[in-house]
Amino acid sequence: MDFPADSLVSRAAREVSLRADQLIHDVERCLQRGVPEVWEDPDVARMTAENVTEHVLAALAGLVHGTEPDRIGAATRKLVATMAGYVDRMSEQGVAVYGRERDRRLQWRFSTVNEAGRRIGTTLDIARTAQELADFGTEGFADLVTVDLLDSVLRGDDGPVSGPPTLRRVAQRSVVESDPEVTIRPEQLHVSPRGSPSARALDTGQPSRHTGPPGPRDAGDADGHRTHSTLVVPLRTRDSTLGVAQFIRHRNPDPFDDEDLLLAQEIAARAAMAVDNARRYTHARATALTLQRSLLPQHTAEQSAVEIACRYLPAGVQAGVGGDWYDVIPLSGARVALVVGDVVGHGIHAAATMGRLRTAVRTLADIDLPPDELLTHLDDVVIRLSAEASKDPAVQETGDIGATCLYAVYDPVSRQCVLGRAGHVLPAVVGLDGTADLLELPPGPPLGLGGLPFEAAEFDLPEGSVLALYTDGLIEGRDHDLEAGVALLRQALVQPAFSLQATCDAVLEALLPADRPHDDVALLLARTHALGARHVASWDLDADPGCVSQARSNVARQLSVWGLEELEFSTELIVSELVTNAIRYGRPPLHLRLIHDRALVCEVADASSTTPHLRRARTYDEGGRGLLLVAQFAEHWGTRHSRHGKTVWAELSKDESAKFPAWDALQA
C-alpha cells in the first residue's frame, strides 16, 4: 500500500472507530439472523458478543496503525475458527448435560413408579388403597391430590350410566392443613358435569394438563383461587374406568409438564389396578359373607334342654371368608344336638361347602343317629363332595374338600351328653364348681379321609353346666400357641358374667385381637337345663295286650296332674296304638314315657330294632291304620334307634285344636 492510500485508510478507520458501538451492533444483528442457534444459550451469546467486539475493535486498530490487510484477514480467520471451536465445545457440553439430565429424570421416574407399586395397594381395602395414592402423590410431586371413584363402581354396578357420572370422594391429601382448595368432604357424593375435565377424563379415558384451575369448574374440582397447574388422570384398568384422580399444585411454583403428566399416568395405572383388585375382592367377599350368613342359623331353634349363646366372626380381609358354622338342632325326647364345624379353605366355595355339610348334618340328625354313626355318614358325604369337585374345572384349584366337626347330643332327662369329633378341637365345660376343663374325647380323623372309625364319649353334665364348642380360629393366634389359647379360653369362661351372652363377648374379647381375626371364628355356649320328676313320667309294660288299657289309665291320671286334660283323648289314642304295635311287633322289655316340655312327648321303647312304617290300608283291611292315626294326631312322630332297641315317639301340641284339623272329624 502506498503512503497516500495508507493515510486515507488510517483516517477512515479513525472515523469509523468513533462509531464502533454501532458497527458492533450491526455485526451482532447479522450473526443473529444467520446463526440464531448461537444466541439461544445465554453463556454462548455472551461469549460471542465479546468476541465480535474484540474482533471489530482489533480490526479498526490495525487499520488505524497501518497494519497489513493480510495480517488482519489471517487474524480474523483465526478468531472465527476459535469462536467456532468454542461454540462446538459449548454445544457438545450442552448435549452432554441434557443427556445426563434426561437420564436422571428417566431414572427418577422409573424409581418413583416402582416405589408407587410397592406402596400403593398394600391391602385389599378400597379406601385405604385410594388414600395410599393420595399420600404418595403429595410427596414431592403435587400439593393436593384427590381421588374420586364412580359410585356405581363402588356399588358393584358395572353397567352403563345415564346422565352425568356421580362420583364419591374416596381419598384426598394436601401438604397444607385445612387446605382451602379442598371443597369436597371424604365420602361425599358429587356430580361431574358434562364438559368438565373430570367428565372428559371419564368419557374418553385420556388424561389432561391444565394451567390454572381446570375449567369449566365442577363440584369435584378444587376451589382453584390459588391453583396454577392441574393434572386430571382417569383411573382405568381392564378396559373400564373406575374414577379419576387430580394432582394439583398451588404452592410449588413449577407448573406440571408433559413428563409430569406421563408420570401421573403411570402412578394412576398402578393405583387403578390395586383399586380394581380391592373392589373385586370386596364384592366377592360380600357375596361369600351373604351366602355364609344365609346358610348359618338366623335364630336358634326353640327348645328347653339348654340356654344358647353363639357368635360368628368372619376372618380379616387378607384371609377371606371361611367355612365355619354352628347349629342347634332339637331332637326327639326333648333332647338337643349341638354342632360346630370348620371347612378347610376360604372363599365362596368354602362357604357353599359349609352350607351343604350343615344341611347333611341336619338330615342325619333328623333320623336320630348317634354321634359316631352320624360322623361316619358325614365322612362319606365329604368324600362324595370332594370327588364331584375334582371333576369341576371351576373348583379344581381349591383341592380336596376337608372339614372338621364336633357333634354333641344332650338329654335333659338323663343329664347326659354324648359327643363325637372328627378332627375338631376339644370342647370345654364349666362345672358347678366354677372351673373350666377340656372334655377328653376320642381322637377322630378329619372328615374326608375315609375308612377310619369315629368314637363317641358320654359325660354327665349337672344342670347349670356350660358347654363350650368352638372352632380353632378362637384359640389360634399369631401372638400365642394353642396351649396358651386354651388357657386364655378357660380363664375367660370362668369370669363372672350377667348372662351367657356376656360370657360370649368376654371370651371373644380375651382371645381375639381388636381388629378382625386372622381366621373365621364360631363359638357356641350352652348352659344345661334338666327335666326332673315334675316333667317326666314313665312306666314299665308287660308284653300283654291287657296292659294297653292300664297304660291309657296311667296316662290319663298323669295328664290330669299336669293340667293337660284337653289332650287326654288324642294322647290315649296315640299311646294305645304305639303300645299295641310294640306288643305285636316288638320285643320286651317295653317302656312307656311321657315328657311334659314345650310339647307333650309320648315314647314307647322296646328291644326290637325293626322300624315301623306308615302305610295306607285298603278299604277292607282290618289293620294297618294305627300309625296313620298317630300321624294325624301328632305334630311330629318318628323312630330313633339305640344299641338295645328302638323308641317310637310322638309329639302333641298343647294347642291341639289349631294344630290338628282331623280332631273335629274324629270327634264327630
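Sequential numbering from 1 along the given sequence is applied to the chain's residues.
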Legend entry - Matching residue for Val425 among Leu469, Ile475, Leu489, Thr404 - test: side-chain contact (heavy atoms from CB on, under 4.5 Å): Ile475
Inset, instruction - Report yes if some heavy atom in the side chain of Asp342 is under 4.5 Å from a heavy atom in the side chain of Asp520; otherwise report no. - result: no
Inset, instruction - With the side chain counted from C-beta on, respond yes when Leu524 and Asp327 share a heavy-atom pair under 4.5 Å apart, and no when they do not. - result: no
Inset, instruction - Compare all side-chain heavy atoms of Thr166 with those of Leu150 and state whether any distance is below 4.5 angstrom. - result: no
Inset, instruction - Applying side-chain hydrogen bond (donor to acceptor under 3.5 Å, both in side chains), name anything that partners Thr503, two or more places apart in sequence or on another chain. - result: none
Legend entry - Chi angles and distances behind the side chain to side chain donor-acceptor pair (under 3.5 Å) call for Ser192, His190: CA-CA 7 Å; Ser192 185; His190 55 92; over 6 Å; no
Inset, instruction - Just jot down the ring pair (Phe, Tyr, Trp, His ring centres under 6.0 Å) partners of Phe247, sequence neighbours excluded, or say none. - result: Phe141
Inset, instruction - May I ask you to say whether Asp143 pairs ionically with Arg249, meaning some side-chain N is under 4.0 Å from a carboxylate O? - result: no
Legend entry - salt bridge (Lys or Arg N to Asp or Glu O under 4.0 Å) against Arg251, all qualifying residues, sequence neighbours excluded: none
Legend entry - Asp151: partners by salt bridge (Lys or Arg N to Asp or Glu O under 4.0 Å), with sequence neighbours left out: Arg155, Arg168
Inset, instruction - Verify the distance criterion only: is there a donor paired with an acceptor across the side chains of Asp505 and Gln501 at less than 3.5 Å? - result: no
Legend entry - side-chain hydrogen bond (donor to acceptor under 3.5 Å, both in side chains) against Arg270, all qualifying residues, sequence neighbours excluded: none
Legend entry - For Ser499, all residues meeting side-chain hydrogen bond (donor to acceptor under 3.5 Å, both in side chains), sequence neighbours excluded: none
